[in-house]
2 protein chains.
Amino acid sequence: MKFEDQYFKSAFSVDCVIFGFDTNALKVLLIRRGAEPMKGSLAIPGDLVSINESLEQGVERVLNQSVGISNLYMEQVYTFGRVDRHPDGRVITIAYYALVNVRDYKLSAASFAESADWYPVSEALELELGFDHNEILQACFGQLKLKVQSAPIGFELLPKKFTLSQLQLLYELILERDLDKRNFRKKILSLDILTPLNEKQKGVAHRPAKLYQFDEEKYRAMKIVGGLNFDAKKNS
Amino acid sequence: MKFEDQYFKSAFSVDCVIFGFDTNALKVLLIRRGAEPMKGSLAIPGDLVSINESLEQGVERVLNQSVGISNLYMEQVYTFGRVDRHPDGRVITIAYYALVNVRDYKLSAASFAESADWYPVSEALELELGFDHNEILQACFGQLKLKVQSAPIGFELLPKKFTLSQLQLLYELILERDLDKRNFRKKILSLDILTPLNEKQKGVAHRPAKLYQFDEEKYRAMKIVGGLNFDAKKNS
DNA sequence: TCAAAAGTGTTCAACGTACACCCATGT
DNA sequence: ACATGGGTGTACGTTGAACACTTTTGA
């Protein structure tokens, strides 16, 4: 058997779990496949990567097709390579997640390349997805959970100006547990990466909250010390 | 262009950084390549994965060729996919690391499929390796550092019976910093995953140390709480 | 008796955690 | 006036960090 017969017969794809935060829910973008293989089933956006394309370029392309934005925060998570994971041949896939900021795009935009919808993460985790995408979704959500505790990536999901309660809710949704309001604020503010604005929420039927924005300068300047560790219940 | 012309023309490999602990040094196994491409250059053991082989099977095969052992602790780290990273075509590689326990094999064994040697990690990080293997080595060592602080994988590198000083030295080598003896012992023993043996070091020119062994039962039974966080200097 | 590593406790600072009430706004 | 979420401080327990001397063995 020639070298080329045994190898160079496989393909690889990137799949990208796109997380979005929609005012009060953490969501993922899932597509309903309009073509074979797995036509009709729900799946994570992804595509085969061409021979002349880097992995990141592949992900960028998928993101453009899915939400029509470039330059999102993204991170490689894991590579899945079960021999029979793809019906068309040997296709391994490199899983990424990306975070989209609601400030940057309009939900229900017509920009999707095919039928696509946002699903609450908790719901998506229960759905049956095509290929090995359930596993991929789980792995990516798991990574997001870890990452959010060691780096301030939450801001990638929020609008430029946000309240501390919004931020806390986001963390609660990602970590899947309640956080103490006072402790959360103490912790976040002590990191000194938020700039308080002279501006407040408007049109809410209660005391309006102060708006903050993330200070990327300060963040990059600071030596990363502790990470963000919130009150984890000991007895659980 | 046909579908098959554009895709299914790539290959993928696994590369596996094999860490070993040799009495008082943390080492990696590097091979000197005896065949093209990159003949003559130092590299991390690895090989193309065939179409009918899972990623883990590929790694197992590489490990067998390199150190002649199966069933090592291994972990996937990252996938490298630069378009031009391999001279023979589009080959992406999935990087793993594995930990070998000196109790299980003899160093300088004749079992290596080709010229292979153990290099101290610190030294290996300075060498020029083939392909993008410098990057891979760095990524794997970085992962090992992280992992060793959240799971007791250090034991995979030690003989079955070991002293606390050996364990501490190993941690110091992996974390690349000194640890306080008393704090280290307090911490490790408080985890309650070591069984003290009624046995001591022999033939050492000083007070002989008590031997311990890792208690996998206890480890699996315990709910993983804190992780292993040692004294990290604040001001560094 | 000397050299060399083993072994052992206490004190202080930092951090995580639990917890309850008043405030500002819209309806 | 009432409902709703915004905003604030303190006390306690746990954990991390710094630090020095005695013990046991072989040479």
Side-chain angles (χ1 to χ4, degrees), chain A residues 23-25 148-150 158 161-173 175 177-192 194-212 222-236, chain B residues 23-24 148-150 158 161-173 175 177-192 194 196-212 222-236:
Chain A
T23 57
N24 54 6
V148 87
Q149 291 174 78
S150 66
L158 287 171
K161 303 171 181 181
F162 52 86
T163 69
L164 292 183
S165 293
Q166 282 178 297
L167 185 59
Q168 179 176 345
L169 173 61
L170 174 58
Y171 271 84
E172 289 177 334
L173 290 168
L175 298 175
R177 73 180 137 88
D178 291 343
L179 301 173
D180 180 87
K181 184 161 56 160
R182 279 175 288 192
N183 293 340
F184 179 82
R185 294 161 107 91
K186 230 184 308 172
K187 181 79 177 241
I188 284 288
L189 292 175
S190 77
L191 294 176
D192 196 34
L194 294 190
T195 309
L197 302 172
N198 291 326
E199 211 176 330
K200 300 200 164 186
Q201 265 185 323
K202 277 178 183 163
V204 287
H206 56 74
R207 178 174 173 180
K210 177 178 263 190
L211 291 169
Y212 290 82
M222 92 193 202
K223 43 189 174 190
I224 298 134
V225 187
L228 327 169
N229 227 56
F230 302 106
D231 36 340
K233 303 237 191 294
K234 283 297 179 46
N235 36 1
S236 63
Chain B
T23 56
N24 55 6
V148 88
Q149 290 173 80
S150 66
L158 288 171
K161 302 171 181 182
F162 53 86
T163 69
L164 293 183
S165 293
Q166 283 178 297
L167 185 58
Q168 180 177 344
L169 173 61
L170 174 58
Y171 271 85
E172 289 177 334
L173 290 168
L175 298 175
R177 73 179 138 89
D178 291 342
L179 301 174
D180 179 86
K181 185 160 57 156
R182 280 175 287 192
N183 292 340
F184 179 81
R185 292 161 107 90
K186 230 183 309 172
K187 182 80 176 240
I188 284 288
L189 292 175
S190 78
L191 294 177
D192 197 36
L194 294 189
L197 302 172
N198 291 325
E199 211 175 330
K200 299 199 166 187
Q201 264 185 325
K202 277 179 184 164
V204 287
H206 55 76
R207 176 172 175 180
K210 177 177 261 191
L211 291 169
Y212 290 81
M222 94 194 203
K223 43 189 175 191
I224 297 134
V225 186
L228 326 170
N229 229 56
F230 303 105
D231 36 342
K233 302 239 190 297
K234 282 299 179 44
N235 35 0
S236 62

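Each chain gets a letter, A, B and so on, in the order its sequence line appears, and its residues count up from 1. These numbers come from a predicted model, not from an experiment.
- Residue B/Lys187 contributes atom NZ, which lies 8 Å from atom C1' of D/dT15 at whole-angstrom precision.
- One can place CG of B/Asp178 at 15 Å from C1' of D/dC19, the figure rounded to the nearest angstrom.
- Taking atom CD of residue B/Glu172 and atom P of nucleotide C/dA5, one finds them 13 Å apart after rounding to whole Å.
- Partners of A/Lys181 according to the side-chain contact (heavy atoms from CB on, under 4.5 Å) rule, which considers only residues two or more places apart in sequence or in another chain, are A/Gln168, A/Arg185.
- One distance of note links CG of B/Leu164 with CG of B/Leu169; it measures 12.5 Å at 0.5 Å rounding.
- Listed by chain and number, the residues in a side-chain contact (heavy atoms from CB on, under 4.5 Å) with A/Leu167 are A/Phe155, A/Leu158, A/Phe162, A/Tyr171, A/Phe184, A/Ile188, A/Leu194 (sequence neighbours excluded).
- Here C/dG16 presents its P atom at 13 Å from CG of A/Leu179, a figure rounded to the nearest Å.
- The interatomic distance linking B/Gln201 (CD) with D/dG26 (P) rounds to 11 Å, in whole Å.
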Pairs under 3.5 angstrom only: tabulate donor-acceptor contacts from the side chains of residues 196-204 of chain B to other protein residues two or more places apart or in another chain.
{"from": "B/Glu199", "atom 1": "OE1", "to": "B/Lys161", "atom 2": "NZ", "distance (Å)": "3.1"}
{"from": "B/Glu199", "atom 1": "OE2", "to": "B/Lys161", "atom 2": "NZ", "distance (Å)": "3.3"}
{"from": "B/Gln201", "atom 1": "OE1", "to": "B/Ala209", "atom 2": "N", "distance (Å)": "3.1"}

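- Between the CD atom of B/Gln166 and the P atom of C/dA4 there is a distance of 19 Å, given to the nearest Å.
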>> Return a single string for nucleotides 19-27 of chain C, one symbol per nucleotide in 5' to 3' order, where B is base contact, S is sugar-phosphate-only contact and - is none, cutoff 4.0 angstrom on heavy atoms.
In response: BB--BBBS-

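- Applying the side-chain hydrogen bond (donor to acceptor under 3.5 Å, both in side chains) criterion to B/Lys186, with sequence neighbours excluded, gives B/Asn183.
- Atom CG of A/Leu167 is separated from atom P of D/dG7 by 12 Å (rounded to the nearest Å).
- The separation between A/Arg185 atom CZ and D/dT10 atom P is 17 Å, rounded to whole Å.
- The shortest side-chain heavy-atom distance between A/Leu179 and A/Arg177 falls under the 4.5 Å cut-off.
- A sub-4.0 Å separation between OP1 or OP2 of C/dA6 and a side-chain N or O of B/Ser165 is present.
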